[in-house]
Amino acid sequence: MAIRDSMKKGTAELVVLHLLRSGRKYGYQIAQEISTRSGGLFTLQEGSLYPTLYRLEKNGYVSSETEFSPNQQRIRKYYSITDAGRAYFLEVREEYRQVSEGIEKILREDVPRQK
């Protein structure tokens with residue numbers, strides 16, 4: 001499972017930034033959308049999602065805004081992508097595509113069996 005976890009960590013920023021391009025979202029909403037859009041094949045639990053959001057915010061790629069419900073009982077922190085985040089997303093997406101293409105080429109090749 002270590003490889004799968006590493007792959008998720010490496011793609012989490014890309015996926016989160018992609019979803020935020022359509023508008024601001026709160027953490028649970030992001031997690032649900034990731035799961036739904038991937039047909040349940042890709043999920044981010046709180047232990048991965050929030051550190052990803054905090055890292056993106058620390059690096060200036062997302063900003064956050066806290067909102068309270070009318071009765072001040074419920075707090076939601078909404079995340080939005082910044083201009084720097086949009087530029088970073090394009091850069092990371094291109095890197096991801098290149099790596100994915102290279103891996104697919106390797107996996108498509110028949111590897112001769114050693115005798």
Is there a chain of hydrophobic side chains (I, L, V, M, F, W, Y, each step under 4.5 Å between heavy atoms) that links [X] to [Y]?
X     : Y     : answer
Ile30 : Tyr78 : no
Tyr26 : Ile34 : no
Ile81 : Leu14 : yes
Val99 : Phe89 : no

Roughly how far, to the nearest 0.5 Å, is the [atom2] atom of [Y] from the [atom1] atom of [X]?
X     : Y      : atom1 : atom2 : answer
Leu56 : Glu13  : CG    : CD    : 4.5 Å
Gln32 : Thr36  : CD    : OG1   : 6.0 Å
Glu33 : Leu44  : CD    : CG    : 12.5 Å
Arg97 : Ser100 : CZ    : OG    : 9.5 Å
Gln29 : Leu20  : CD    : CG    : 9.0 Å

TODO: Verify whether one side chain among Ser64 and Glu57 offers a donor that lies under 3.5 Å from an acceptor in the other.
DONE: yes

- [ ] Check the side chains of Gln98 and Glu94 for a donor-acceptor pair under 3.5 angstrom, ignoring hydrogens and angles.
- [x] yes

- [ ] For residues Gly60 and Ala84, report the shortest heavy-atom separation together with the two atoms involved.
- [x]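 The pair with the smallest heavy-atom distance is O-CB, 3.8 Å.
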
TODO: For residues Ser35 and Thr43, report the shortest heavy-atom separation together with the two atoms involved.
DONE: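 Shortest heavy-atom separation between Ser35 and Thr43 comes out as OG-CG2, 3.9 Å.
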
- [ ] Apply salt bridge (Lys or Arg N to Asp or Glu O under 4.0 Å) to the pair Lys105 and Glu101, showing each step before the final yes or no.
- [x] CA-CA 6 Å; Lys105 285 180 179 181; Glu101 183 180 333; 3.5 Å; yes

- [ ] Quick one: do Arg55 and Asn59 satisfy side chain to side chain contact (heavy atoms under 4.5 Å, CB included)? Show the steps, please.
- [x] CA-CA 6 Å; Arg55 186 172 53 254; Asn59 291 327; 3.8 Å; yes

Open item on the list: Under the side chain to side chain contact (heavy atoms under 4.5 Å, CB included) test against Leu17, which residue among Leu90, Thr52, Val62, Val92 passes?
Closed with: Val62

Open item on the list: Name the residue from Arg76, Lys77, Arg24 that meets the salt bridge (charged side-chain N to carboxylate O under 4.0 Å, His left out) definition with Glu67.
Closed with: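 Checked Arg76, Lys77, Arg24 against Glu67; only one passes salt bridge (charged side-chain N to carboxylate O under 4.0 Å, His left out): Arg24.
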
Task: Chi angles and distances behind the side chain to side chain contact (heavy atoms under 4.5 Å, CB included) call for Thr11, Phe42 - done: CA-CA 10 Å; Thr11 55; Phe42 188 89; 3.4 Å; yes

Open item on the list: Any heavy-atom pair between the side chains of Tyr79 and Tyr61 that's under 4.5 Å?
Closed with: no

Task: Expected output: side-chain Ser80 to main-chain Ser63 donor-acceptor under 3.5 Å - done: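 No, Ser80 side chain to Ser63 backbone: no donor-acceptor pair under 3.5 Å.
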
Task: From CA spacing to verdict: side chain to side chain donor-acceptor pair (under 3.5 Å), Tyr28, Glu46 - done: CA-CA 8 Å; Tyr28 180 76; Glu46 283 185 30; over 6 Å; no

